[in-house]
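Here is the structure we will look at.
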There are 2 protein chains.
Amino acid sequence: MRQESKIIDTCPIQGVIDIISKKWAILIVAVLGNRSAMRYNDILNELKGISPKTLADTLKQLHGSGIISRQSFNEIPPRVEYSLTRDGEKLRDAIIPVVNWAVDRSSHKDCIILQSVLRGR
Amino acid sequence: MRQESKIIDTCPIQGVIDIISKKWAILIVAVLGNRSAMRYNDILNELKGISPKTLADTLKQLHGSGIISRQSFNEIPPRVEYSLTRDGEKLRDAIIPVVNWAVDRSSHKDCIILQSVLRGR
DNA sequence: CGGCATCCGAGAAGATACTG
DNA sequence: CAGTATCTTCTCGGATGCCG
């Protein structure tokens, strides 16, 4: 954020906004929250529509924010697994009310991602 | 969204993301949730750093999404009051866990907006 | 396989000035 | 007072291609 603003810059909520306002971040947290670990291409396939770059960018940012952890194995072929950190799991729990709110407003209640998130409860 | 994607387009969560991913939307919901009604310049002053255009745009979008209501009075000087709809209040309640999560992660827990939101509980 | 580098376009956000 | 109008800047997300 370029702009200086007391109320914003000093506000913890800004950090969250920077995270969840990324288009795919919530979805990634959602799908990751479902399994103990997922590989790059697993996520790529699950989130049909996301580009590799955007996924990589978002994963990097989430990792930097401590939401997800990244473990790479020195294997051939290479393997990298992503999973939620404890903090990430808390985030996933925290967004559930928002997801529920979204479901109530929506006409079509069927959604793979959504079911995934809610199943976690 | 330009991109076609089964999993996303048919997912109710996408609507939420479109709303809360706007940088200022959550903040506006937060500050509005605090008072019964607020005028344009009240919000503008409270959210130091937002430009009139951005505020107008965001208010318009939130209004279109049914999150906030807009009531204008035929007076001189003109008066327009914004407030949360019932749905908006639900959204505000729903984001509280996320806000709390943000507070736990943050080092500086003091935040006007934040206190505002949490006070509503 | 799991990415990173590069380039590009669209839209969000900002600054400033102006109006009904 | 409550916005518009305009112009600019910036970031995001997508496409493609290369590499260890």
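Within every chain, numbering begins at 1; the chains are lettered A, B, ... in the order of the sequence lines, protein sequences first and strands thereafter.
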Open item on the list: To check you understand the geometry: which heavy-atom pair defines the closest contact between Val31(B) and Met38(B), and what is its length?
Closed with: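 Reported closest heavy-atom pair: O-SD, 3.7 Å.
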- [ ] Locate the shortest heavy-atom distance separating Tyr82(A) from Leu32(A); write the atom from each residue and the value.
- [x] O-CD2, 3.5 Å
Open item on the list: Test of understanding: with salt bridge (charged side-chain N to carboxylate O under 4.0 Å, His left out), list the residues that count as partners of Asp42(B), not counting sequence neighbours.
Closed with: none
Could you list the residues that satisfy side chain to side chain contact (heavy atoms under 4.5 Å, CB included) with [X], not counting sequence neighbours?
X: Ala37(A); result: Glu81(A), Ser83(A)
X: Lys53(B); result: Ser51(B), Asp57(B)
X: Ser21(A); result: Ile17(A), Ser21(B)

Rounded to whole angstrom units, what separation is found between the [atom1] atom of [X] and the [atom2] atom of [N]?
X: Glu75(B); N: dG20(C); atom1: CD; atom2: C1'; result: 16 Å
X: Asp18(B); N: dC12(D); atom1: CG; atom2: C1'; result: 14 Å
X: Leu55(B); N: dT4(D); atom1: CG; atom2: P; result: 10 Å
X: Lys23(B); N: dT9(D); atom1: NZ; atom2: P; result: 17 Å
X: Ile76(B); N: dT19(C); atom1: CD1; atom2: P; result: 18 Å
X: Lys48(B); N: dA13(C); atom1: NZ; atom2: C1'; result: 19 Å
X: Gln61(A); N: dC12(D); atom1: CD; atom2: P; result: 8 Å
X: Leu47(A); N: dG13(D); atom1: CG; atom2: P; result: 12 Å

- [ ] To the nearest 10°, let me know how far the axis at one end of the helix from dC1(C)-dG20(D) to dG20(C)-dC1(D) is tilted from the axis at the other, five pairs an end.
- [x] 50°
Open item on the list: Checking the side chain of Ser65(A) only, and the main-chain atoms of Gln61(A) only, is there a donor and an acceptor separated by less than 3.5 Å?
Closed with: yes
- [ ] Verify the contact: side-chain N or O of Ser51(A) to OP1 or OP2 of dA15(D), cut-off strictly under 4.0 Å; return yes or no.
- [x]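 No, no such contact exists.
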- [ ] Answer yes or no: does a side-chain N or O of Trp24(B) lie under 4.0 Å from OP1 or OP2 of dG14(C)?
- [x] yes
Please list, for nucleotides 1-5 of chain C, all pairs of protein and nucleotide N/O atoms separated by less than 3.5 Å.
residue, atom, partner, partner atom, Å
dC1(C), O3', Arg39(A), NH2, 3.2
dG2(C), OP1, Arg39(A), NE, 2.6
dG2(C), OP1, Arg39(A), NH2, 2.6
dG2(C), OP2, Asn41(A), ND2, 2.6
dG3(C), OP1, Arg70(A), NH1, 2.4
dG3(C), OP1, Tyr82(A), OH, 3.3
dG3(C), OP2, Tyr82(A), OH, 2.9

- [ ] Kindly write out the residues that satisfy side chain to side chain donor-acceptor pair (under 3.5 Å) with Asp87(A), not counting sequence neighbours, or none if the list is empty.
- [x] Arg105(B)
Open item on the list: Suppose the criterion is salt bridge (Lys or Arg N to Asp or Glu O under 4.0 Å): which pairs have a residue in residues 65-78 of chain A, not counting sequence neighbours?
Closed with: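 Every salt bridge (Lys or Arg N to Asp or Glu O under 4.0 Å) pair that includes a residue of residues 65-78 of chain A, provided the two are not neighbours, is Glu75(A)-Arg79(A).
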